[in-house]
Structure formats: structure tokens, C-alpha cells
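Here is the structure we will look at.
All of these numbers come straight from a predicted model, not from anything done at the bench. The residues of the chain are indexed from 1 along the displayed sequence.
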Amino acid sequence: MTQKIKILHIQETIGSGGVERRRLSMAKHLDKMLFDQRFICTIEKGNIPDEIRAQGFQVTSIGKMKSPLHWKQHRKIQKIIDEFNPDIIHGAVFEGVTLAALNGWLKKVPIIIIEETSFPINRTWKGNLLVKLFSRLSTKVIGVSEAVSEEYLKQKLGLAEKKVILINNGVAAQRVVSSEELQAVRDKYQITPEAFVIGSVGRMLDDSNKRFSDLIKAFASFSQDKPNARLLLIGEGPEKKNYETLSKQLGIEKKVIFTGYQSDVAIFYQLMDVFAIASLHESFGLVLAEAMLNKLPVIAAKVGGMKYIVDDGKTGLLVAPGNTNAILDAFNTLYKNSTMLTQFGMNGYEKAMKEYTEESYVQNVANLYNSLMKQAK
């Protein structure tokens with residue numbers, strides 16, 4: 001029997017974000033006959049840690065790191081490396097990258113992979129310097145979008161072409177929603193089948209980036225002569241009250257629907273006619289891929305990974321970041337052209353199925369693991 005390849009995953013919090021969902025994808029879809037996996041995080045919360053455990057893998061939380069050189073936490077990782085004896089150590093998110101690169105190098109793990117999951121326009125020069133150092137200690141550096149791999153890793157940090165590999169993020173296929181479920185949600189939020197629904201999904205943490213306020217302002221102008229127009233916003237966070245206040249100030253509080261956090265967003269995509277995201281920076285934009293898998297035309301700010309995901313004029317429309325007039329024009333363009341709505345949705349679905357599924361992400365990572373293992377022999 002062939003000996004399994006041992007993978008030690010390390011990241012910061014395992015909660016409900018995109019990075020941890022991709023680790024769950026690895027637990028579900030990486031061939032268990034060929035690979036053994038163990039998952040380390042600083043903090044765990046929510047359901048994903050237990051979902052990973054349900055796949056038969058160990059999840060260990062070591063506690064929050066106080067600094068990149070918090071040696072107590074490094075020692076915990078070194079002990080786990082000694083116990084597990086991994087062939088590959090795979091770190092993601094800054095803390096995970098730090099723990100994987102330094103301790104993988106110190107303990108002579110054969111293959112060290114770090115994964116840049118953000119598009120860090122606000123990262124300090126010290127942070128960039130550390131990532132560059134960790135990259136030198138690593139065998140390979142994954143960028144989760146073309147923006148991350150080309151613009152940040154290669155151009156900003158100056159990493160060599162052979163050091164960097166692009167592996168696009170992937171999302172899980174949405175579950176099938178029954179007509180009864182859909183009707184129940186329509187009734188709850190008073191959304192009729194005739195309504196034209198523009199939707200968005202995201203954490204409402206800081207409007208300086210996510211810019212739900214731009215969507216609300218553009219929608220206020222768009223909906224003036226459209227009584228059936230609705231803006232559906234799925235998400236929770238400290239900015240939510242401010243967005244509700246803004247909607248009232250603009251006189252559209254009856255047209256803007258705030259659902260709060262939803263663990264299952266599949267139903268809500270089914271309610272939308274258009275998906276929009278106005279973030280000023282995104283490493284990838286997982287919700288865009290999710291929307292495309294639901295055959296929705298998309299509107300996105302032309303920034304970060306989103307400008308590569310959206311084929312402007314084919315799968316959706318790209319708009320200038322922070323420009324509410326441009327968002328308004330995009331709303332009107334799609335509203336007036338039902339043929340474009342349908343065609344963009346189908347084009348986006350075909351692209352997402354080809355490039356942005358969780359299966360394609362896992363297969364690409366598995367190919368990398370196998371390739372590096374062959375080179376290491």
C-alpha cells in the first residue's frame with residue numbers, strides 16, 4: 001500500500017470565512033486514500049471545525065498569537081510537527097503563513113507552501129518584508145487570484161516567476177432550493193415574484209472597504225420610479241445600523257431589506273435578479289463566484305481579484321470603485337435589458353463551473369502537492 005502524503009494545514013481563525021471554507025473543501029474532497037491531513041489554527045469558532053472533524057481529521061487550536069515571534073505558539077507548532085511528521089506544511093493567512101514558514105524551515109519539513117489569501121493594500125512595509133522573507137523559506141507561494149499572484153506577489157514583493165503559482169479560489173455548489181422554501185422566504189420578506197431584486201452578501205464590518213453605502217445610494221436613485229425594485233442585503237456587523245439609518249434618510253427603508261447573517265445563502269441568491277458588490281479591495285471575491293454559479297449577472301468594482309473574475313460586458317459589468325453614478329448606470333443597463341440579464345447569467349455560470357468550483361481548487365492543490373513530492377524525491 002502506498003504511504004499517504006501527510007499535509008499539515010496552519011492558519012489563523014477557523015470560523016466562517018472563505019479561507020476556512022477552502023480548508024473544509026480540502027477535508028471533503030482531497031483523496032483520503034492518498035493524503036492524510038491535520039488542521040491547526042490559532043482560534044476556532046462556528047461550525048466549520050466540527051465539519052472538518054466529521055471528515056475524520058484532527059483540528060487543534062493553539063491560541064491567539066501576540067506577535068509574529070510569539071515563541072510559545074511556535075513551540076506548540078514544533079511539537080505537532082514532531083508528532084505528525086508532515087511531508088508538506090501548508091500555511092494560509094498571515095499568522096498561518098508565519099507559523100508554517102518559520103517552523104517548517106526550522107524542523108526541516110520537506111515541502112513548505114504558503115498561501116496569500118488577501119490583496120493587502122494596507123499591509124505595512126514590515127508586514128510585506130516578513131511575507132517576502134517567509135516566501136524565501138518556502139518551496140512555493142500560492143496566490144488565490146491573478147491580482148494576488150501578479151500584482152502583489154510578483155510585482156510588489158518581487159517574487160520570482162517560478163516561486164509563485166496561481167490557484168484560483170473555489171466555492172461550493174449551492175444546494176437545490178425547493179419552491180416551498182423559496183415561497184416561505186418571499187413571504188417573510190414580502191418579496192413578490194414581480195419584484196426586481198438587486199442583492200449583495202458580505203460582512204458589514206467597515207464601510208471604508210465594503211461600501212454597502214454606495215449600493216444604497218445608487219439604489220435610492222435607481223428605485224425612484226420603480227415601486228417593485230428591492231435591495232436585498234445579507235450580512236451582519238457593526239455598520240448594519242448605519243446602513244439602516246442611511247436607507248431611512250434616503251426614504252427607501254421600505255425597499256431595502258436587511259436579513260442579517262444567514263448561514264445558508266442559497267435561498268437568497270434565488271431571490272435576486274442581479275448581484276452587486278462595491279468593495280474597494282478584494283483578493284478574490286468569493287461571493288461573486290457564488291452568484292455566478294447561481295446564474296446571476298454581476299456588477300463589481302474594478303479592483304483586486306474581482307476585475308479578473310468578471311468579464312466586463314460578458315458575465316457582468318465592472319464599475320469604477322467608489323463611483324455611485326457608475327453603479328446606478330449599471331443598475332439601469334441591466335434593468336432595461338432582460339436578454340442581457342439572461343446571457344450574462346449563463347456566461348457567468350459557465351465560467352464559474354470551469355474555473356471557480358471547490359473541486360477545481362482542490363484538484364489544483366492536489367496537483368501541486370504531487371508535483372512537489374515528485375521533485376523532492
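Residue Val93 belongs to a hydrophobic cluster whose other members are Val19, with links defined by side-chain heavy atoms closer than 4.5 Å. In the hydrophobic clustering (ILVMFWY side chains linked at under 4.5 Å, chained through shared members), Phe39 is joined by Ile14, Leu24, Ile48, Ile52, Phe57, Val59.
A donor-acceptor pair shorter than 3.5 Å cannot be found between the side chains of Tyr189 and Arg230. Side chain to side chain, Arg186 and Gln183 fail the donor-acceptor criterion of an N or O pair below 3.5 Å. Counted by atom type alone, Glu151 and Tyr308 present one or more donor-acceptor pairs between their side chains at under 3.5 Å. Donor-acceptor pairing under 3.5 Å is lacking for the side chains of Thr245 and Gln249. Using modelled atom types and a 3.5 Å distance limit, the side chains of Glu116 and Tyr152 yield no donor-acceptor pair. When only modelled atom types and interatomic distance are considered, Asn367 and Gln363 share a side-chain donor-acceptor pair under 3.5 Å.
Rounded to the nearest 0.5 Å, atoms CG (Asn85) and CG (Leu8) are 10.5 Å apart. Between Arg203 atom CZ and Glu239 atom CD the span is 14.5 Å, to the nearest 0.5 Å. Expressed to the nearest 0.5 Å, how far CG of Leu99 lies from CD of Glu12 amounts to 10.0 Å. Rounded to the nearest 0.5 angstrom, Leu232 CG and Ile191 CD1 are separated by 5.0 Å.
Between Lys248 and Glu244 there is no salt bridge, since no side-chain nitrogen of the basic residue lies less than 4.0 Å from a carboxylate oxygen of the acidic one. Ion pairing of Arg53 with Asp50 is present here, as a side-chain N (NZ or NE/NH1/NH2) and a carboxylate O approach within less than 4.0 Å. The pair Lys307-Glu282 fails the salt-bridge criterion, with no side-chain N (NZ, NE, NH1 or NH2) lying under 4.0 Å from an Asp/Glu carboxylate O. Note on Asp264 versus Arg175: salt bridge recorded, some NZ/NE/NH1/NH2 to OD/OE distance being below 4.0 Å. Ionic pairing of Arg21 and Glu290 is present here: one or more N-O contacts between side-chain nitrogen and carboxylate oxygen are shorter than 4.0 angstrom.
Remark: the backbone N or O of Thr324 is not paired with any side-chain donor or acceptor of Lys217 at under 3.5 angstrom. Thr139 contributes a side-chain N or O that, together with a main-chain N or O of Ile112, makes up a donor-acceptor pair within less than 3.5 Å. Using modelled atom types, one side-chain atom of Lys4 and one backbone atom of Lys32 make a donor-acceptor pair closer than 3.5 Å. No donor-acceptor pair under 3.5 Å is formed between the side chain of Thr315 and the backbone N or O of Asn347. With hydrogens and angles ignored, the 3.5 Å screen pairs a side-chain donor or acceptor of Lys351 with a backbone N or O of Ile309.
Tyr361 and Ile88 fall within a single hydrophobic cluster, where Ile, Leu, Val, Met, Phe, Trp and Tyr are joined by side-chain heavy atoms under 4.5 Å apart, directly or via other members. Cluster membership for Met292 and Met353, using ILVMFWY side-chain heavy atoms within less than 4.5 angstrom, is shared. No path of Ile, Leu, Val, Met, Phe, Trp and Tyr side chains, each step under 4.5 Å between heavy atoms, connects Val310 with Leu317, placing them in separate hydrophobic clusters. Residues Phe275 and Leu233 do not share a hydrophobic cluster, clusters being chains of Ile/Leu/Val/Met/Phe/Trp/Tyr side chains in contact below 4.5 Å. Val303 and Ile327 fall into different hydrophobic clusters, where Ile, Leu, Val, Met, Phe, Trp and Tyr are joined by side-chain heavy atoms under 4.5 Å apart, directly or via other members.
Ring geometry for Tyr369 against Phe35 counts as tilted: the plane angle lies between 30° and 60°, on a 0 to 90° scale. Relative orientation of the Tyr335 and Phe196 rings is perpendicular, given thresholds of 30° and 60° on the angle between their planes. Between His9 and His90, the ring planes lie tilted relative to each other; the angle falls in the 30° to 60° range.
Around CD of Glu83, the count of heavy atoms belonging to other residues, nucleotides or ligands within 6.0 Å exceeds 12. Within 6.0 Å of NZ in Lys314 there are 12 or fewer heavy atoms belonging to other residues, nucleotides or ligands.
Here the shortest heavy-atom pairing between Ala147 and Gly305 reads CB-N, 3.5 Å.
In this structure the side chain of Val274 reaches within 4.5 angstrom of the side chain of Ile299, judged on heavy atoms.
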